[in-house]
Trainee: 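Before I ask anything, let me first share the structure, which is written out below as structure tokens.
Throughout, a chain's letter reflects where its sequence line sits, starting with A, and its residues are numbered from 1. What you are looking at is a predicted structure, and each value in this text was computed from that prediction instead of being measured.
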Amino acid sequence: MISKRSEFFAGLRAQIPLLFGVIPFGLIYGAVAINAGLEPAAVLAMSLIVFAGSAQFIAAGLFGTGTPGIIIVLTTLVVNLRHMLYSASLAPYLRHLPMRWKAPLAFLLTDEAYAVIISRYQADEEGSELTPNRHWFFLGAGLTLWVTWQISTVVGIFAGQWAPLEWSLDFTLPLTFIALVVPMLVDSPSALVVLVAGVVALVCVGLPYNLGLMVAVSAGIAAGTLLEGRAAHVQPVRERDTQ
Amino acid sequence: MTIWYTIFGMVLVTFLIRFSVIALLRDADLPSNVKRALRFVPLAVLSAIIFPALFVSDGTFDPSFRNARLLAGIGAALVACASKRTVLPIVVGMILLWILQAALS
């Protein structure tokens with residue numbers, strides 16, 4: 001059995017490639033939010049307790065233009081709606097846990113954490129079996145991201161405008177996602193999901209509040225499920241032929 | 001002062017969305033057709049982030065061979081296919097991007 005400690009550090013290590021994208025993002029967030037006229041305590045508080053990068057960015061912009069609070073909260077809701085899909089996707093792997101575990105893990109559920117955690121759990125499930133201490137992997141990955149986000153926010157607040165944009169470090173995010181997606185391409189339905197979700201995301205790129213992502217994800221899942229359903233109908237016939 | 005109420009509201013909606021299904025799913029398992037659909041969530045989400053990051057540069061759709069991010073992304077995908085590793089394609093992709101940006105500019 002893999003120890004809690006090893007699981008925790010495996011989660012930490014799995015998160016490292018993504019930090020190259022998270023650090024500049026946090027720096028820019030801190031700088032942009034300060035320049036939008038927010039007080040440093042509010043800028044940091046959003047990182048500490050909201051902990052949702054793109055929602056924080058949008059909120060900082062809205063605060064700066066004097067948007068009513070209720071609109072900012074509703075916008076946050078729409079922007080973060082995709083996290084409900086992550087919650088549903090990870091729930092079967094965490095359902096044995098008590099609430100004192102579920103609540104903090106849910107708090108740490110960001111895009112970057114979800115990406116590494118679900119690819120680990122799905123690989124375990126297809127390979128041999130799920131490890132009993134797998135929630136420690138989640139905690140290790142999530143906390144690594146949370147701590148990094150706080151540090152880069154603080155540096156961004158103080159450093160103001162500085163961020164080495166010409167290094168294109170934001171590109172490490174899609175690169176890491178590519179490295180995670182490729183091993184998941186196990187059959188034709190999964191390839192179709194990638195194609196449909198990707199193309200629909202391109203078509204919907206202009207939609208506000210990350211809504212394009214929700215449309216693309218729904219389309220991709222629908223396409224994959226349909227193809228899988230047809231394959232399941234075809235398979236029994238093929239089995240009969242070989243007998 | 002109202003800014004703190006707003007931030008508290010943001011905390012609440014963000015947490016409740018993330019907690020929703022994780023909190024509700026306890027003894028019962030999800031229906032098998034829902035589980036089958038959920039298997040595709042990571043693929044769909046990651047692809048929906050990857051494609052615009054590769055094909056859209058400066059707000060415009062650019063599928064040409066002068067798009068450094070697209071070429072570097074394809075290179076990283078090929079390395080991921082061949083090596084089945086996580087870190088190597090990221091490193092190769094970043095180096096490719098820097099070389100291509102220098103070459104294409």
Trainee: Under a 4.5 Å heavy-atom cutoff, which of B:L38, B:L25, B:V34, B:N33 has the most pairs with chain A?
Mentor: B:L25
Trainee: Please classify the contact of B:L54 with chain A as side chain, backbone, both or neither, using a heavy-atom distance under 4.5 Å.
Mentor: side chain
Trainee: Any idea which of A:A14, A:G212, A:G69, A:S119 has the most non-hydrogen atom pairs under 4.5 angstrom with chain B?
Mentor: A:G69
Trainee: Please assess B:F19 against A:L109 for the test side-chain contact (heavy atoms from CB on, under 4.5 Å), listing each intermediate value before the final yes or no.
Mentor: CA-CA 9 Å; B:F19 198 36; A:L109 184 52; over 6 Å; no
Trainee: Of the non-hydrogen atoms in B:I90 and A:P17, which two are nearest, and what is the gap between them?
Mentor: CD1-CB, 3.4 Å
Trainee: Let me know if A:L38 has heavy atoms under 4.5 Å from chain B in its side chain, its backbone, both or neither.
Mentor: side chain
Trainee: Please determine, among A:A52, A:G220, A:A42, the option with the most heavy-atom pairs under 4.5 Å with chain B.
Mentor: A:A42
Trainee: Measure A:V50 against the heavy atoms of chain B and call it side chain, backbone, both or neither at under 4.5 Å.
Mentor: both
Trainee: Mind ranking B:F40, B:F55, B:F8 by heavy-atom pairs under 4.5 Å with chain A and telling me who comes out on top?
Mentor: B:F40
Trainee: Quick one: which of B:A72, B:P42, B:S20, B:P52 has the most heavy-atom pairs under 4.5 Å with chain A, could you say?
Mentor: B:P42
Trainee: For A:F107, is there any backbone N or O sitting under 3.5 Å from a side-chain donor or acceptor partner on B:R18?
Mentor: yes
Trainee: Kindly say whether B:I22 contributes a backbone atom to a donor-acceptor pair with the side chain of A:S87 at under 3.5 angstrom?
Mentor: yes
Trainee: Taking only residues two or more places apart in sequence or in another chain, which ones pass side-chain contact (heavy atoms from CB on, under 4.5 Å) with B:V79?
Mentor: B:S83, B:L88, B:P89, B:V92
Trainee: Name the region of A:V78, side chain, backbone, both or neither, that has any atom closer than 4.5 Å to a heavy atom of chain B.
Mentor: neither
Trainee: Quick check on B:I7 against chain A: is it the side chain, the backbone, both or neither that has a heavy atom closer than 4.5 Å?
Mentor: both
Trainee: Examine whether an atom of A:E39 lies under 4.5 Å from a heavy atom of chain B, and if so say whether it belongs to the side chain, the backbone or both; otherwise answer neither.
Mentor: side chain
Trainee: Taking atom CZ of B:F61 as the centre, report whether more than 12 heavy atoms of other residues, nucleotides or ligands fall under 6.0 Å from it.
Mentor: yes
Trainee: Side chain, backbone, both or neither: which part of A:A41 has an atom under 4.5 Å from a heavy atom of chain B?
Mentor: both
